[in-house]
Amino acid sequence: LTQMEKSIAILEDLRTKAPTTELRQTYFASVQDYYQFYIDLLMELHQNNPNKGYDARAFQASESSRARTLTEILTEAQFDLKADLPPALLAEEKRLNQALSTAEQERVQLLQNPQGYANADLEAIKSKIETILDDLQTLEAQIRRENPAYANLKYPQPLTLQQIQANILDDDTLLLEYALGGDRSYLFAVSKTEFTAYELPSRQDIETATERYITALQAEDRNPLSEGTKLAKMLLDPVAGTLKNQRLAIVADGKLNRLPFAALPWGASIEGASIEGASIEGASIEGASVAPLLVNHEIINLSSASSLEAQRSQWAKRTLAPKQIAVLADPVFSCR
């Protein structure tokens, strides 16, 4: 545990040295196995020492592994990155953006040419666009280095379990945070007053069942609800005794981010909303029709609990717009 904590500290330090958001994201994605091992180690220690708080530390590690990049982006958005910069840097940024716009117009015109086009011409334009994007990224790194406000920027730390319970959750909300691992996965269930960690099947088992259910949901020739019973049991059975009618804030992991949790078959249906022929083997409510999770629960998907706190902090400082407008659009993109 001591060695892993030192390793995580090194990873966190290296991450902050990446000059751009894109590089931080790429680097952070490449070291997620360290966090998975750290969570697994803490949960193994929790099994041997259930009163030492290792499960809460595992939850904290889960938050850290997913909250960093988004909270940093939200924090950076609160100040003007280009303030007090030399005019030459601003002029170069304007030039590169104009060049990028011109190259993109050339690409679109080439693709829409009724006489067709040569693949070599298209590849040349793509290469030009990639070069401009690389130059923009290099310029962004230089802008960050030369901006004193950015140099002094202090990023918020992921929230602790106690802060999440005090600042994020209310009496009617249950946070379900999933952490998938190679040999075993975990579910952290957090309410306003309680916290429990549960062991789940491996990442492969969960993601295989997830892919199977997503495929069933996309099929047009059958009612897929009953085909999600295995996955629903995997993900929700540990908290079956605590699921009432509360709001569920779900922090997914891996391929679970593609899963519409609202469509999981779970819980007794409300009057008039029963689905014929759907049942869950071993469900806690015997003899009742089973409905999608959405019927009895409001579902909220979060990237992390900590990022929600960062968003709320920004919303509190935001000046309300004097007018409101809703824009609905149905864009059609023709790209090859």
[X] side chain near [Y] side chain, heavy-atom distance below 4.5 Å:
| X | Y | result |
| --- | --- | --- |
| Ile125 | Tyr117 | no |
| Tyr38 | Leu1 | yes |
| Arg203 | Gln36 | yes |
| Tyr213 | Leu264 | yes |
| Ile214 | Thr210 | yes |
| Lys233 | Lys230 | no |
| Asn97 | Leu136 | yes |
| Pro238 | Leu200 | yes |

N/O donor-acceptor pair under 3.5 Å between [X] side chain and [Y] backbone:
| X | Y | answer |
| --- | --- | --- |
| Asn296 | Asn245 | no |
| Gln163 | Thr160 | yes |
| Thr242 | Val239 | yes |
| Glu177 | Ala252 | no |
| Thr215 | Glu211 | yes |
| Asn257 | Gly254 | yes |

Show your reasoning for whether ring pair (Phe, Tyr, Trp, His ring centres under 6.0 Å) applies to Tyr198 and Tyr178. CA-CA 10 Å; Tyr198 304 95; Tyr178 293 88; over 10 Å; no
Nearest atoms (heavy-atom pairs only) where [X] meets [Y]:
| X | Y | result |
| --- | --- | --- |
| Ala305 | Leu175 | CB-CD2, 4.2 Å |
| Gln165 | Val190 | CG-CG1, 3.7 Å |
| Pro265 | Gly228 | CG-C, 3.6 Å |
| Ala103 | Ile129 | CB-CG1, 3.7 Å |
| Leu169 | Lys192 | O-NZ, 3.0 Å |
| Gly182 | Ser202 | O-CB, 3.2 Å |

Answer yes if [X] and [Y] sit in the same cluster of Ile, Leu, Val, Met, Phe, Trp and Tyr residues linked by side chain heavy atoms under 4.5 Å apart, and no otherwise.
| X | Y | result |
| --- | --- | --- |
| Leu96 | Leu100 | yes |
| Ile10 | Ile39 | no |
| Ile299 | Leu256 | yes |
| Trp266 | Leu174 | yes |
| Val31 | Leu180 | no |

With the threshold set at 4.0 Å, does a side-chain nitrogen-carboxylate oxygen contact exist between Arg184 and Asp40?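 Yes, this pair counts.
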What I want to find out is whether Glu227 reaches Arg212 closely enough, with some N-O distance under 4.0 Å, to be called a salt bridge.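 No.
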We want to know whether [X] and [Y] form a side-chain donor-acceptor pair, criterion being a heavy-atom distance below 3.5 angstrom.
| X | Y | result |
| --- | --- | --- |
| Ser304 | Ser307 | yes |
| Arg247 | Thr173 | yes |
| Gln47 | Glu199 | yes |

Show me, pair by pair, the donor-acceptor contacts under 3.5 angstrom made by side chains of residues 50-60, not counting sequence neighbours?
from  : atom 1 : to     : atom 2 : distance (Å)
Arg57 : NH2    : Glu5   : OE2    : 2.3
Gln60 : NE2    : Pro158 : O      : 3.4
Gln60 : NE2    : Leu159 : O      : 3.2

Is the distance between the ring centroids of Phe28 and Tyr34 less than 6.0 Å?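 Between Phe28 and Tyr34, the centre distance exceeds or equals 6.0 Å.
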Once you round to the nearest 0.5 Å, how far does [atom1] of [X] lie from [atom2] of [Y]?
| X | Y | atom1 | atom2 | answer |
| --- | --- | --- | --- | --- |
| Ile132 | Thr102 | CD1 | OG1 | 8.0 Å |
| Asp135 | Arg95 | CG | CZ | 7.5 Å |
| Ser185 | Asp205 | OG | CG | 8.5 Å |

Got more than 12 heavy atoms from elsewhere within 6.0 Å of CD, Gln32?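 Yes, because the 6.0 Å sphere around CD of Gln32 holds more than 12 heavy atoms from other groups.
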Determine, step by step, whether Glu93 and Leu89 satisfy the side-chain contact (heavy atoms from CB on, under 4.5 Å) criterion, reporting the C-alpha distance in whole Å, the side-chain angles of both residues, the deciding distance to 0.1 Å, and the verdict. CA-CA 6 Å; Glu93 181 188 41; Leu89 286 180; over 6 Å; no
